[in-house]
A.B. asks: 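The structure follows.
Just the heavy atoms: all of them, side chains too, but no hydrogens, waters or symmetry mates, feed the values below. Reminder, nothing fancy here: chain letters follow the sequence lines and each chain counts from 1.
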Amino acid sequence: MKRQIPLIITFIAGIVMIIQYFIPHEPFAGMQQLFNQWYLIIAAFAMILGIGNLLKIHSGRISRKTSGWGYSIVLLTGLTVMLISGLGWGIERGTFFFYLFWNLHIPMASTMFALLAFFVASASYRAFRARTIEATLLLIAAIVVMLSRVPLGGYIWSKIPFAGDWIMSYPNMAGQRAIMIGIALGTVSTSLRIILGIERTYLGGGK
Amino acid sequence: MTTIVLLTLLYLQISPPKDVRVFDTPNDAGGSITITWESSPDAEGYRILRMALPDSVYTPVDWVDAATKRYVDKVEDGVKYRYIIRTERGSAYADSEPTDEVWSHGNVFHRGRTNVLIGVAVYTTLLLSFIYFAKRGKKLFVRKIAGLDAVDEAIGRATEMGKPVLYIPGLSTISDVATLASLNILGRIARKAAVHGTRVIVPNRNPIVMPVCQEIVREACLDVGRPDVYREDDIFYITFSQFGYTAAVDGIMLREKPAANFFLGMFWAESLILAETGASTGAIQIAGTDAIHQLPFFITACDYTLIGEELYAASAYLSREPLSLGSLKGQDWTKLIIGGLIVAGVILVSFGSDWFLGLFSS
Amino acid sequence: MSIVDRLKTIDRRIIFVAISLAVIIPLLFPIGLPIMVSPPAQGLYDAIEELKPGSKVLLSFDYDPSTMPEVYPMNLGVVRHCFSKNIKLVGMGLWPTGVLLGQEAFELLAEEYGKTYGEDYINLGFKAGGIVVISAMAENIPETFPEDYAGTSIEEFPIMKGVKNFDSFGLAVCFSAGDPGVREWVMIAHSRYGKKVGAGITAVMAPAYYPYLQAGQLVGLLGGMKGAAEYETLLKYKGTGSAGMDAQSIAHSLIIVFIIFGNVIYFIARRKERKKV
Amino acid sequence: MFETIGIWIAALLTLCIFSFLYKDNPFYKFAEHLFIGVSAGYWACYYYHNVLQPNLFVPLFQEGRPIFIIPLVLGIMMLLHLVPKISWISRWPLAFIVGTYAGYYLITYLQTNALEQVTATLVPLVTFSSVVLFVGVTTGLVYFFFSKEHKGTFGGIAKFGIWFLMIAFGASFGYTVMARISLLIGRMTFLLKDWLHIIQ
C-alpha cells in the first residue's frame with residue numbers, strides 16, 4: 001500500500017503524458033497543460049512545508065539561544081513582514097510588498113550574482129595552470145576566447161577574434177553535442193525506469 | 001445618382017483578398033478552422049464572415065487589421081461552414097469569393113511526430129531487452145568513474161577531521177533527472193557517513209525535494225543501525241530564491257567548515273559562487289551536473305566533476321544493481337548505434353546524398 | 001618563503017581589489033574606447049529602420065532584475081529606436097519580473113517622446129507557460145491576453161484593434177535571460193509562422209544563438225552589455241551600455257593578465273623545484 | 001522620500017553582501033539572514049497570488065470545475081509529511097509529479113537533444129572545421145561509453161574525446177567572463193550613480 005499505490009500513480013501519469021504527445025484528440029488534448037498546472041499547485045503546497053521548516057528551525061534556535069540566534073530573529077522578521085504584507089495587501093507594483101522586493105530582495109540578489117565577477121577572476125588565476133595536457137587545452141581555449149572578446153586581442157594578432165569564434169563554433173560545439181546526446185539517452189532511460197517502477201529513489205530510501 | 005456612381009467607383013477601386021484558403025486546423029483536438037489569404041493593397045482591415053450550412057446568411061465573426069493574413073476560427077466539430085473575407089476601407093468594401101465547404105474534426109494521431117514514435121520505440125525496446133538480460137543474471141561491466149571513487153576518501157577525511165559533510169542536491173525540482181540521480185548518491189553517502197557517525201548537512205532550495213532528502217538520510221541511518229546519528233535539523237529548507245540560497249550556503253561553508261562538499265544535481269549561475277567559496281575553505285569538492293553551461297566552472301574549481309551522463313551512471317555504478325546496470329548497457333549500445341548513424345550519415349552527405357537527413361527531422 | 005612561493009599562494013583578496021578598481025576607475029574616468037558595431041547588432045537596427053512609421057513591433061520581456069545590467073540597456077535602446085521612428089510597441093513577458101522592467105523602460109521613454117499608453121504602446125503583462133503562450137498567441141492574441149498588465153480589457157485600447165495574431169507585427173524582439181525565451185520565439189514565431197524575430201540576450205547565452213543567426217532564424221542579435229553598447233552607438237546615444245564598456249574591457253584584460261601571470265609563476269616555480277632535485 | 005530611503009537601504013545591503021569577499025562578518029550575516037527571510041516570504045506570496053489563486057481557487061471555487069479537487073487533495077497530501085504516522089501519503093503527489101515528467105522527458109528529450117544534435121552533425125567532410133566537428137562528437141561519445149575500460153586504442157579515442165570536452169569547457173568559461181563583469185558593473189553603477197551621484 002505504502003509503495004504500490006505511488007508506483008501505480010507514477011506509471012499512469014507517465015503513460016498518459018506519452019499518449020497525449022501523440023494523440024491530439026480529446027480527452028488527451030490539453031492534458032499536458034493541466035498536469036503542469038497541478039504540478040505548480042503541489043509545488044505551492046510544498047512551499048508551505050518549506051516555510052514551516054524554516055519557522056521550526058529558527059524559532060528553535062531562538063528559544064535555545066544557540067550562537068547567532070539574533071540573526072534568526074532578523075530572518076523571521078523579514079519572513080513575517082513579507083508574508084503579512086504580501087498576503088494582506090497584494091504583491092502588485094505600488095504595494096509595500098513590492099517596495100521591499102525592489103529595495104531588499106533585488107539588490108541583494110543582484111549583488112550575490114555580481115560576486116561571480118570576482119570568483120571568475122580568482123578561479124581562473126588559481127585553476128588555469130598548464131599542469132597536464134587536459135588543463136593546458138582548457139587554458140588555451142579559455143585564453144583565446146577571452147582575448148577574442150576584447151579589442152586587446154585584435155591588437156595582439158588580427159586573427160584572434162576569428163580564432164575565438166572558430167573555437168566556439170567547432171571544437172566547443174562538438175564537445176557540447178557529445179555531452180548533450182549522452183544526457184538525452186540517460187534522461188530517456190531514467191524516465192523509462194521511473195515509469196516501470198525500477199527507479200524509485202524519490203519514494204525515499206531507494207528501496 | 002452621383003452618390004451611386006461615386007460609391008461604385010470606390011467599390012471598384014478596392015480589391016478583395018486573393019487566394020483565400022480554408023482548412024481544418026491540422027493535428028489538433030478539433031473545434032477549429034484556419035483561413036488564410038493574400039492581402040489586398042487597399043485594406044484598412046478585413047472582416048471575417050461565416051455561414052454555417054444549411055443557413056444561407058453570412059454573419060460577421062471578427063475584424064482584423066490590414067497586416068493580418070491568417071485567422072483561426074473556433075467552430076463546432078462536424079458542422080459545414082463557408083467563409084468570406086471582406087476587404088474594408090472606410091465605408092467601402094470588397095468581398096472575396098465564398099470559400100469551399102469546410103468542417104473541423106479532432107485528429108487521432110499527430111502525423112508530425114511519427115519519427116519520434118519510432119525513435120522512442122526502438123530505444124525503449126533496446127533498454128527493456130538489456131534490463132531483461134540483466135535480470136537473468138548476465139554479468140555486466142562498468143568502467144571506472146573517477147569522481148565516484150573519491151567519495152569514500154572524502155567522507156573518510158571528514159570523519160578523521162571530525163567535521164561535517166555538505167551535500168547540495170542541486171537547485172532543481174524532484175522531477176529533474178539530475179536531482180533523482182543526486183538523491184541516489186545521497187543515499188549512499190548518508191549510509192557511509194552514518195557508519196562513521198559523521199554529520200551530513202543538506203540545505204535545500206526546493207521544498208519538494210526537502211522531505212525526500214530527509215527520508216533518504218533517515219532510512220540510511222536506520223539501515224546501518226545508527227538511528228542516533230540522524231538529525232532532522234541538518235536537512236532543511238532555506239529559500240526558493242536562487243541567490244538567497246547561495247548566500248546561505250556560502251555562510252554555512254564558512255561557519256561549519258565542512259571537510260567535503262558535494263554539489264550533485266542541477267545548477268545554474270550560482271555554481272561558481274558555491275565552488276569557489278568551498279575551495280577557499282580547503283574542502284574536498286566533488287561536483288556533478290548535467291547543466292552543460294555550469295560544467296566548466298565545476299571543472300575549474302572542484303577536485304572531481306561528474307560530466308553529464310556520468311552523473312546518471314553514478315547510481316548504477318555505486319549500487320551495482322542489475323536493473324540499473326542493464327539500462328546503462330542499453331544506453332551504451334544506443335550510443336554505438338548513434339555513432340554508427342553519424343559515420344554513415346556523414347559519408348552519405350559527403351557524397352551528396354540528402355535523404356538520410358530527412359529521417360531525423362519532424 | 002621566496003617571492004615566487006608567495007606569488008603562487010597569492011591571497012585572492014588582492015585579486016578582488018584589483019578587479020574592483022578595474023571596474024570603478026573607468027566608470028569614474030571614462031576613456032571612451034571605440035565601440036565597433038558587429039553585424040548582428042546592425043541586423044537588428046536595420047530591421048527596425050526598415051519598418052514604416054505606424055507599424056507595430058512585439059516586445060517580449062523575458063528577463064529578470066539579476067540580469068538587468070546586461071539586458072535592460074538593450075530594452076531601452078530598442079524602445080528608444082522604435083519611439084523615435086513612431087513605431088507602435090506591444091509588450092508582454094514570459095517572465096513575471098521582466099514585465100515590470102519592460103514597463104519601467106516604456107514609462108521612462110514614453111515621457112521623453114510624448115507617447116500615450118494604449119495608443120502608442122501597451123503592456124499585456126505576464127503569462128505563465130512559455131512556448132504554450134507563444135503558440136496560443138499565434139492563434140489568437142486577444143484570447144491569450146484578454147487584459148493588459150494592469151487588468152484593463154485590451155478592447156479599450158486602440159493599439160490592439162484588429163490585432164489577432166503575429167501577422168499584425170512587423171517584427172518581434174525578445175529580451176531574454178534564459179528559458180523560456182529566444183529559443184521558443186524562434187521555434188514558433190519564426191519557424192512556424194515566418195515572423196521576423198530579433199533578440200537581446202545575456203552574453204552567456206549568445207554563443208548558443210549564433211547558429212540561429214547564420215541560419216537566418218534571427219534578423220539580429222544583441223549579446224550582453226557589449227551588444228547594448230553597440231546599439232547605443234548606432235542610435236548615437238550614450239547609455240549605461242556604453243558607459244560600462246571601458247570597465248568591461250579593462251577588467252576583462254586584467255583577468256587575462258592574471259592568468260598569464262599565474263602560469264609564468266607556475267613555470268618558474270616548477271623549474272626551481274626541478275633544479276633542487 | 002520613500003525612493004531615497006529605498007536606495008539607501010539597497011546600497012547598504014549591497015555593501016553588506018560585498019563585505020563577504022573580505023571575510024565572513026556580522027554585516028554579511030545580517031544581510032544573509034534578512035535575504036533568506038525576505039526571499040522565502042517573497043516566493044511564498046508569489047506562489048499564493050500567481051499559482052494558488054489563478055490555477056486552483058479560481059477554477060475550483062469560481063468556475064466550479066470539480067477536476068481541480070485532485071490537485072487540491074494532492075497538495076494537502078504533500079503537507080501530511082508533517083504527520084509522522086501517515087507521512088507516507090506525501091509520496092502520492094511526488095509520484096504524480098515524477099511520473100508526469102518522466103513521461104514528458106521520455107518523448108521530448110530524444111527529439112530535441114539527441115535527434116536534432118545528430119542531424120546537425122551530418123555535414124559533408126569537405127572543410128577542416130567539419131572534420132573537427134565530426135571527430136569531436138564521435139570521440140566525445142566514446143568517452144561516455146561505460147561498458148568498456150578506457151584502455152588501449154579505445155582508451156586513446158576516449159582520451160581524444162575528453163580533450164574536446166576540455167576545449168569546450170575552456171571556451172565556454174572564457175566566453176562567460178565578460179558577462180560576469182557586466183553584472184559587477186551594474187552594481188557599481190548603482191552605487192556610484194543612483195546612490196552617490198558621483199557619475200552621470
A.B. asks: Is there a donor-acceptor pair closer than 3.5 Å between any side-chain N or O of D:R180 and the backbone N or O of A:L116?
C.D. replies: no
A.B. asks: Using residues 145-152 of chain A as the side-chain source, report each donor-acceptor pair under 3.5 Å to any protein atom, sequence neighbours left out, with the distance given to one decimal.
C.D. replies:
| unit_1 | atom_1 | unit_2 | atom_2 | d |
| --- | --- | --- | --- | --- |
| A:S148 | OG | A:V145 | O | 2.6 |
| A:R149 | NH1 | D:Y175 | OH | 3.3 |

A.B. asks: Quick one: what part of A:L34 sits under 4.5 Å from any heavy atom of chain D, side chain, backbone, both or neither?
C.D. replies: side chain
A.B. asks: As an exercise: rank A:G175, A:A184, A:G50 by heavy-atom pairs under 4.5 Å with chain D and give me the winner.
C.D. replies: A:A184
A.B. asks: Would you name the heavy atoms of A:Y202 and D:A95 that are closest together and state the gap between them?
C.D. replies: CE1-CA, 3.9 Å
A.B. asks: Residues in ring-ring contact (aromatic ring centres under 6.0 Å, His included) with D:Y143, at least two apart?
C.D. replies: D:H150
A.B. asks: Do other residues, nucleotides or ligands put more than 12 heavy atoms under 6.0 Å from D:Y22 OH?
C.D. replies: no
A.B. asks: Select one option (side chain, backbone, both, neither) describing which atoms of A:F128 are under 4.5 Å from chain D's heavy atoms.
C.D. replies: side chain
A.B. asks: Counting heavy-atom pairs under 4.5 Å with chain D, which one of A:L100, A:V81, A:I133 comes out on top?
C.D. replies: A:I133
A.B. asks: Show the nearest heavy-atom pair for residues A:M108 and D:A31, with the distance to one decimal.
C.D. replies: SD-O, 3.5 Å
A.B. asks: Would you mind checking which part of D:T138 comes under 4.5 Å of any heavy atom in chain A, side chain (CB onward), backbone (N, CA, C, O), both or neither?
C.D. replies: neither
A.B. asks: Could you report the tightest heavy-atom contact between D:A40 and A:I51, atom names first, then the distance?
C.D. replies: O-CD1, 3.7 Å
A.B. asks: Once you round to the nearest 0.5 Å, how far does CH2 of D:W163 lie from CD of A:E134?
C.D. replies: 7.5 Å
A.B. asks: Considering only heavy atoms from C-beta outward, does the side chain of A:Q176 approach that of D:Q117 to under 4.5 Å?
C.D. replies: no
A.B. asks: Does atom CD (A:E26) have a neighbourhood of more than 12 heavy atoms from anything else shown, all under 6.0 Å?
C.D. replies: yes
A.B. asks: Using non-hydrogen atoms only, which part of D:Y105 is less than 4.5 Å away from chain A: side chain, backbone, both, or neither?
C.D. replies: both
A.B. asks: Using the side-chain hydrogen bond (donor to acceptor under 3.5 Å, both in side chains) rule, collect all pairs that involve residues 75-94 of chain A, keeping only residues at least two apart or in two chains.
C.D. replies: A:R93-C:E107
A.B. asks: Do you know the tightest heavy-atom contact between D:A168 and A:P171?
C.D. replies: CB-O, 4.5 Å
A.B. asks: Below 4.5 Å from any heavy atom of chain D, which atoms of A:Q32 appear? Answer side chain, backbone, both or neither.
C.D. replies: side chain
A.B. asks: Given the options A:L49, A:V120, A:L75, which has more heavy-atom pairs under 4.5 Å with chain D than any of the others?
C.D. replies: A:L75
A.B. asks: At a 4.5 Å cut-off on heavy atoms, which part of D:I67 comes close to chain A: side chain, backbone, both, or neither?
C.D. replies: both
A.B. asks: Ring centroid separation for D:F96 and A:F35, is it under 6.0 angstrom?
C.D. replies: yes
A.B. asks: Do A:R177 and D:L133 have side-chain heavy atoms sitting under 4.5 Å apart?
C.D. replies: yes
A.B. asks: Just give me the residue among A:Y170, A:Y71, A:F22, A:F101 that pairs up with chain D most often, heavy atom to heavy atom, under 4.5 Å.
C.D. replies: A:Y71
A.B. asks: Using only non-hydrogen atoms and a strict under-4.5 angstrom cutoff, which residues of residues 41-58 of chain D touch chain A?
C.D. replies: D:G41, D:Y42, D:W43, D:A44, D:C45, D:Y46, D:Y47, D:Y48, D:H49, D:N50, D:V51, D:L52, D:N55, D:L56
A.B. asks: Using modelled atom types and a 3.5 Å cut-off, is there a donor and acceptor pairing between side-chain atoms of A:Y99 and backbone atoms of D:F2?
C.D. replies: yes
A.B. asks: Just wondering, do D:F144 and A:I181 contact through their side chains at under 4.5 Å, heavy atoms?
C.D. replies: no
A.B. asks: Considering residues, nucleotides and ligands other than A:K56, do more than 12 of their heavy atoms fall under 6.0 Å from its NZ?
C.D. replies: yes
A.B. asks: Which answer fits D:A120, side chain, backbone, both or neither, if we ask what part of it has an atom under 4.5 Å from a heavy atom of chain A?
C.D. replies: both
A.B. asks: Side-chain contact, heavy-atom cut-off 4.5 Å: D:L13 with A:L104?
C.D. replies: yes
A.B. asks: If we only count heavy atoms from C-beta on, is the D:W8 to A:N103 side-chain gap below 4.5 Å?
C.D. replies: no
A.B. asks: If you define the side chain from C-beta out and look only at heavy atoms, does anything of D:L110 sit under 4.5 Å from A:L185?
C.D. replies: yes
A.B. asks: Could you tell me whether the side chain of D:Y101 reaches within less than 4.5 Å of the side chain of A:N36, counting heavy atoms only?
C.D. replies: yes
A.B. asks: Tell me, side chain or backbone of D:Y28 under 4.5 Å from chain A's heavy atoms, or both, or neither?
C.D. replies: side chain
A.B. asks: Could you tell me how the ring of A:W166 sits relative to the ring of D:F128: parallel (under 30°), tilted (30 to 60°) or perpendicular (over 60°)?
C.D. replies: parallel
A.B. asks: Could you tell me the separation between the CG atom of D:L94 and the CZ atom of A:R200, rounded to the nearest 0.5 Å?
C.D. replies: 15.0 Å
A.B. asks: Atom CG in A:L203, atom OG in D:S90: separation rounded to 0.5 Å?
C.D. replies: 9.5 Å
A.B. asks: Can you tell me if A:Q33 has over 12 outside heavy atoms packed within less than 6.0 Å of its CD?
C.D. replies: no
A.B. asks: Does any heavy atom of chain A fall under 4.5 Å from the side chain of D:M78, the backbone, both, or neither of them?
C.D. replies: both
A.B. asks: Side chain from CB out, backbone as N, CA, C, O: work out which of these in A:A135 comes under 4.5 Å of a heavy atom of chain D, or both, or neither.
C.D. replies: neither
A.B. asks: By a 4.5 Å heavy-atom criterion (distance strictly below it), what part of A:M17 contacts chain D: side chain, backbone, both, or neither?
C.D. replies: both
A.B. asks: Please classify the contact between A:A121 and chain D as side chain, backbone, both or neither, with a heavy-atom cut-off of under 4.5 Å.
C.D. replies: neither
A.B. asks: Taking side chain as everything from C-beta outward and backbone as N, CA, C, O, which of these in D:F20 sits under 4.5 Å from a heavy atom of chain A? Side chain, backbone, both or neither.
C.D. replies: side chain
A.B. asks: Can you tell me which portion of D:R91 sits under 4.5 Å from chain A's heavy atoms? Options are side chain, backbone, both or neither.
C.D. replies: both
A.B. asks: For the atom pair CZ (D:R187) and CG (A:L115), what is the distance rounded to the nearest 0.5 Å?
C.D. replies: 11.0 Å
A.B. asks: Taking A:I183, A:I15, A:L192, A:I179 one by one, which has the highest count of heavy-atom pairs under 4.5 Å against chain D?
C.D. replies: A:I179
A.B. asks: Let me know if D:L21 has heavy atoms under 4.5 Å from chain A in its side chain, its backbone, both or neither.
C.D. replies: side chain
A.B. asks: Quick check: closest heavy atoms across D:G136 and A:A178, and the distance to 0.1 Å?
C.D. replies: O-CB, 4.5 Å
A.B. asks: Has D:Y104 got more than 12 heavy atoms of other residues, nucleotides or ligands less than 6.0 Å from its OH?
C.D. replies: no
A.B. asks: If you take all heavy atoms of A:A117 and D:L184, which pair is closest and at what distance?
C.D. replies: CB-CB, 3.6 Å
A.B. asks: Could you tell me the separation between the OG1 atom of A:T136 and the CD1 atom of D:I167, rounded to the nearest 0.5 Å?
C.D. replies: 11.0 Å
A.B. asks: Mark yes when over 12 heavy atoms from residues, nucleotides or ligands other than A:F28 sit less than 6.0 Å from its CZ; otherwise mark no.
C.D. replies: yes
A.B. asks: For a side chain to side chain contact (heavy atoms under 4.5 Å, CB included) check, start with the C-alpha distance between D:T100 and A:Y39, then their side-chain angles and the critical distance, and finish with the verdict.
C.D. replies: CA-CA 9 Å; D:T100 303; A:Y39 159 69; over 6 Å; no
A.B. asks: How long is the span from the CE atom in A:M180 to the OH atom in D:Y109, to the nearest 0.5 Å?
C.D. replies: 8.5 Å
A.B. asks: Would you mind checking which part of D:I185 comes under 4.5 Å of any heavy atom in chain A, side chain (CB onward), backbone (N, CA, C, O), both or neither?
C.D. replies: neither
A.B. asks: Side chain from CB out, backbone as N, CA, C, O: work out which of these in A:I194 comes under 4.5 Å of a heavy atom of chain D, or both, or neither.
C.D. replies: side chain
A.B. asks: At a heavy-atom separation under 4.5 Å, does D:I162 approach chain A through its side chain, its backbone, both, or neither?
C.D. replies: side chain
A.B. asks: Only pairs of heavy atoms separated by less than 4.5 Å count here; which of A:F118, A:W102, A:F119, A:F45 has the most with chain D?
C.D. replies: A:F45
